[in-house]
*Asks:* 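A single structure is presented below for examination.
Fair warning: this is a prediction, and the values are worked out from it, not measured in the lab.
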Amino acid sequence: MKTLGAALLSAMLALTACQRESDTLAEVSGHIFVFNYRVAIATYLVTLNKKAPLPEGAVAIAEFENPAGGAPLVVNEKIFPAWDKISLQSPPVHCVKKDKPYAVSIRLVDATGKELQSLKTTVTSDVDQSIMPGKPLVVGPLYTRNPEVFKADGSVDYHSDETCPKT
């Protein structure tokens, strides 16, 4: 009788463990700010590892805290079944401050809009965006030096107008 009870308990634990694994469709595997100095743009980049198959037509909806204040920046990314990783990149952001955590919320939804999973994380930069040039250093497909930065007289103007909130 004890053997039957132990076997039944083991089976119940195994089923419970399987259920929990299926609830986790993806997990956050990376999160950084990307500073592209050449074009003077900063963006969030969050990556997810898929842990289970997602239904056809699934979408990741990411809300990135706006470092300049105001409404969050929202991105919708279609998820293809063959993907093992999901990359979510924000539109360009401004006013990123060093050592300040910025919130990111991600919802995985099916084709009908039903939420499959919700994830939350924060992204913290180890540099302040004020180190970025105010204008792109290059322009065009051939990475031509930007004449607004690299002046004809040989001077260089990296200045950016400070329009960020003082927080």
*Asks:* Can you tell if the side chain of Thr144 reaches within under 4.5 Å of the side chain of Val139, non-hydrogen atoms only?
*Replies:*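 Counting from C-beta outward, Thr144 and Val139 do come under 4.5 Å.
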
*Asks:* Considering only heavy atoms from C-beta outward, does the side chain of Leu54 approach that of Leu116 to under 4.5 Å?
*Replies:*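 Counting from C-beta outward, Leu54 and Leu116 do come under 4.5 Å.
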
*Asks:* Within the 4.5 Å heavy-atom criterion, are Val59 and Ile79 side-chain neighbours or not?
*Replies:*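 A side-chain contact under 4.5 Å is absent here.
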
*Asks:* Answer yes or no: is there a donor N or O on one side and an acceptor on the other, between the side chain of Tyr143 and the main chain of Arg38, under 3.5 Å?
*Replies:*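 Judged by distance alone, no pair lies under 3.5 Å.
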
*Asks:* Give me the ring orientation class for Tyr44 and Phe33: parallel if the planes are under 30° apart, tilted from 30 to 60°, perpendicular past 60°.
*Replies:*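 Ring orientation of Tyr44 relative to Phe33: tilted.
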
*Asks:* Among Val104, Ile32, Ile86, find the one that has a side chain to side chain contact (heavy atoms under 4.5 Å, CB included) with Val46.
*Replies:*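 Running side chain to side chain contact (heavy atoms under 4.5 Å, CB included) over Val104, Ile32, Ile86 with Val46 returns exactly one hit, Val104.
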
*Asks:* Can you tell if the side chain of Pro101 reaches within under 4.5 Å of the side chain of Val123, non-hydrogen atoms only?
*Replies:*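 Not touching, per the 4.5 Å side-chain cut-off.
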
*Asks:* Please say which of Val96, Ile131, Ile41 ends up in a side chain to side chain contact (heavy atoms under 4.5 Å, CB included) with Phe35.
*Replies:*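 It is Val96; the other options fail the test.
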
*Asks:* Check this for me: does any side-chain nitrogen of one of Lys120 and Glu63 sit under 4.0 Å from a carboxylate oxygen of the other?
*Replies:*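 Salt bridge flag = no for Glu63 with Lys120.
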
*Asks:* Looking only at the side chains, is there a donor atom on one of Thr43 and Gln89 sitting less than 3.5 Å from an acceptor on the other?
*Replies:*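 The criterion, which ignores hydrogens and geometry beyond distance, is satisfied for Gln89 and Thr43.
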
*Asks:* So do the side chains of Ile61 and Ile106 get within less than 4.5 Å of each other, counting heavy atoms only?
*Replies:*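 Side-chain contact under 4.5 Å: no.
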
*Asks:* Does any donor atom in the side chain of Thr47 or Ser29 lie under 3.5 Å from an acceptor atom in the other side chain?
*Replies:*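 Thr47 vs Ser29: donor-acceptor pair found between side chains.
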
*Asks:* Are Asn146 and Lys135 linked by a side-chain donor-acceptor pair shorter than 3.5 Å?
*Replies:*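 Short answer, no.
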
*Asks:* Side chains of Leu108 and Leu48: closer than 4.5 Å at any heavy-atom pair?
*Replies:*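 Side-chain contact under 4.5 Å: yes.
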
*Asks:* Indicate yes or no: at least one non-hydrogen side-chain atom of Asp99 is less than 4.5 angstrom from one of Ser125.
*Replies:*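 Contact flag for Asp99/Ser125 side chains = no.
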
*Asks:* Any chance NZ of Lys114 has more than 12 other-residue heavy atoms, nucleotides or ligands included, within less than 6.0 Å?
*Replies:*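 It does not: Lys114 NZ has 12 such atoms or fewer within range.
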
*Asks:* Take Val127 and Lys98 through the side chain to side chain contact (heavy atoms under 4.5 Å, CB included) test and state the conclusion after the steps.
*Replies:* CA-CA 5 Å; Val127 295; Lys98 178 181 179 176; 5.7 Å; no

*Asks:* Can you tell if the side chain of Gln117 reaches within under 4.5 Å of the side chain of Leu25, non-hydrogen atoms only?
*Replies:*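 They are in contact (side-chain heavy atoms under 4.5 Å apart), so the answer is yes.
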
